[in-house]
Amino acid sequence: MMYVSTRGAAPKADFEEALLAGLAPDGGLYMPETWPQLSSLPASPTGAYAAAAAHVMTPYMGGNPGEAELFALVSDAYERFADPDTAPLKTIGLDLYLLELFHGPTLAFKDFAMQVLSRLMERALKRRGQRTTIVGATSGDTGAAAVEAFRGRDDIELFILYPHGRISDVQRKQMTTATEDNIHAIAIEGTFDDTQAIVKALFGDAEFRTRHALSAINSINWARIVAQTVYYYTAAAKLGTACHPSFSVPTGNFGDIFAGFASSLMGLSMGRLVIATNENDILARTLETGRYEPKGVVPTDSPSMDIQISSNFERLLFEESGRDADLVNRAMADLKAKGHFDLPPATLARIRERFTAWRVTRDEAADATRALFNETGMIIDPHTAVGVVAGKREQERSGGSMVVLSTAHPAKFPEAVTRATGRAADIPERLVERLQGRERLQILPNSAAAVADVIARHAANRPQA
Ligand SMILES: *Cc1c(COP(=O)(O)O)cnc(C)c1O
């Protein structure tokens with residue numbers, strides 16, 4: 001299996017190259033040259049999430065690793081999930097289900113991919129005798145998942161940048177209480193956009209990038225998408241082959257829902273893919289008008305979806321334009337020059353065949369959280385609530401079974417949950433322990449040079465192996 005870039009000007013890469021690079025050298029995103037076909041999971045004992053994961057992911061790896069080794073790797077990754085079912089499916093209404101993806105160590109679905117990504121990277125670096133320096137920016141959940149996944153890994157340094165004073169206490173402590181030497185939490189005196197600009201600047205400096213072997217772990221990394229296809233399969237298998245469920249996905253960077261789309265291209269039979277957005281509704285507007293146009297970000301109760309640039313949408317544009325890299329390049333040039341691009345009508349029509357988008361307001365999400373709590377006693381997080389509203393709306397329109405992806409544990413967002421239901425969710429023991437350690441962080445000015453200096457000084461002081 002080889003990978004091509006959505007911008008068409010990068011050499012083909014194998015899985016391991018795509019994994020370590022993240023972004024293709026021409027600035028595009030890696031896509032598999034062809035889609036492996038798998039219409040359903042082989043019958044397997046219940047609770048066998050790791051077996052399903054190895055089965056679904058193996059064709060993407062081109063034999064490196066093979067299925068047996070991959071099975072050992074994913075078994076180790078998912079062993080630490082608190083629910084024996086890993087991704088349990090709960091009924092919350094008539095033909096309406098919640099797919100709980102928050103039983104990992106940091107209580108959000110990001111653990112599913114990050115735990116696998118860190119192990120695949122460590123394996124690849126060992127094989128090649130290389131080291132890498134990961135630099136990432138986070139507004140919360142990604143950083144927590146990355147710290148948890150990469151702590152103590154050989155040959156990998158993780159520098160994670162977050163906006164000083166602008167993330168929740170829980171999110172900050174999840175990053176700053178790791179005691180391992182390879183983890184570096186850096187608070188930047190600026191906004192999330194500033195932290196992202198610093199990361200971009202460091203990657204844009206070719207000499208620095210090569211000298212420190214920088215790699216990226218944000219949601220454009222293909223390995224993350226592959227790991228996320230698995231739970232679409234396990235959820236569909238639980239409902240039975242006659243079901244063809246639709247999926248409602250709380251969406252920000254379009255990574256999680258693209259994994260659902262990838263599953264459908266692999267032959268998994270499903271209904272519709274519902275893009276659930278909050279007030280930051282660029283994708284809902286795009287599906288309505290055909291114009292992709294970022295506007296200012298408004299803060300909501302579902303911060304992990306407060307995004308106006310949905311990076312993985314580029315993958316959808318590439319696939320649904322018949323893999324037209326010229327078109328993708330023109331769209332990205334338009335976006336830069338004019339602040340928007342227009343989808344060709346044929347591409348828009350193809351996207352609408354599979355996807356529906358629903359915009360959900362803060363009040364609608366809170367009302368749904370309250371209603372579900374009153375009916376069932378269940379507490380959902382504010383991201384999941386957006387998914388529930390969108391999923392119900394789509395179910396009213398097109399019928400059928402609806403699976404809502406529950407992307408975070410409600411204990412991560414106590415303020416919004418308490419406002420909606422009058423009570424907070426119980427904090428799981430593993431999170432309580434995590435939050436008690438001593439915090440270790442550096443506060444730096446909003447300057448790429450300051451961050452570069454910290455990375456360079458650390459590299460210079462590292463004992464040579
Ligand atoms: C990251 C995240 C999302 C958005 O997922 P994307 O893959 O970026 O679309 C939704 N909910 C939660 C809780 C998240 O952490």
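Keep in mind the model is a prediction, meaning the values are calculated, not measured. In listed order, ligands and their atoms are each counted from 1.
- The main-chain N or O of S406 is never found under 3.5 Å from a side-chain atom of D381 such that the two would form a donor-acceptor pair.
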Decide yes or no on side-chain contact (heavy atoms from CB on, under 4.5 Å) for L96 and V404, but give the supporting numbers first.
-> CA-CA 8 Å; L96 185 64; V404 178; 4.2 Å; yes
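- For ligand 1, one of its N or O atoms has an N or O atom of G252 under 3.5 Å away.
- For S219, the closest heavy-atom approach to ligand 1 does not fall below 4.0 Å.
- Here F81 and Y49 keep their ring centres 6.0 angstrom or further from each other.
- Proximity to A408 (heavy-atom distance under 4.0 Å) selects the following atoms of ligand 1: 13 (C).
- Although no hydrogens or angles enter the test, the distance criterion places a donor-acceptor pair under 3.5 Å between the side chain of Y233 and the main chain of L38.
- Counting atoms of ligand 1 from 1 in the listed order, those under 4.0 Å from a heavy atom of G255 are 6 (P), 7 (O), 9 (O).
- Proximity of I134 to E157: side-chain heavy atoms (C-beta onward) are nowhere separated by under 4.5 Å.
- In this structure, F313 has its ring center no closer than 6.0 Å to that of F258.
- Close approach of ligand 1 to D256 is summarised as follows: ligand atoms under 4.0 Å from at least one heavy atom of the residue are 7 (O).
- Contacts with ligand 1 closer than 4.0 Å are made by backbone heavy atoms (N, CA, C, O) of F254 only, the side chain lying farther away.
- Using a 4.0 Å heavy-atom cutoff, F109 is listed among the residues neighbouring ligand 1.
- Here the heavy atom of the protein found nearest to atom 12 (C) of ligand 1 is T407 OG1, 3.5 Å.
- Comparing H383, K110, M305 against atom 2 (C) of ligand 1, the shortest heavy-atom distance belongs to K110.
- A distance of 11.0 Å separates CD1 in I282 from CD1 in I307, rounded to the nearest 0.5 Å.
- Of all non-hydrogen atoms in E33 and M1, the two that sit nearest each other are N-SD, 4.1 Å.
- Heavy-atom contacts of T251 reach the following atoms of ligand 1: 9 (O) (cutoff under 4.0 Å).
- Of the heavy atoms in D141, only side-chain atoms (C-beta onward) come closer than 4.0 Å to ligand 1.
- Ring centroids of H383 and F413 are separated by less than 6.0 Å, placing the two rings close together.
- The protein heavy-atom contact nearest to atom 10 (C) of ligand 1 is P250 O, 3.6 Å.
- In terms of N/O distances under 3.5 Å, ligand 1 is approached by N253.
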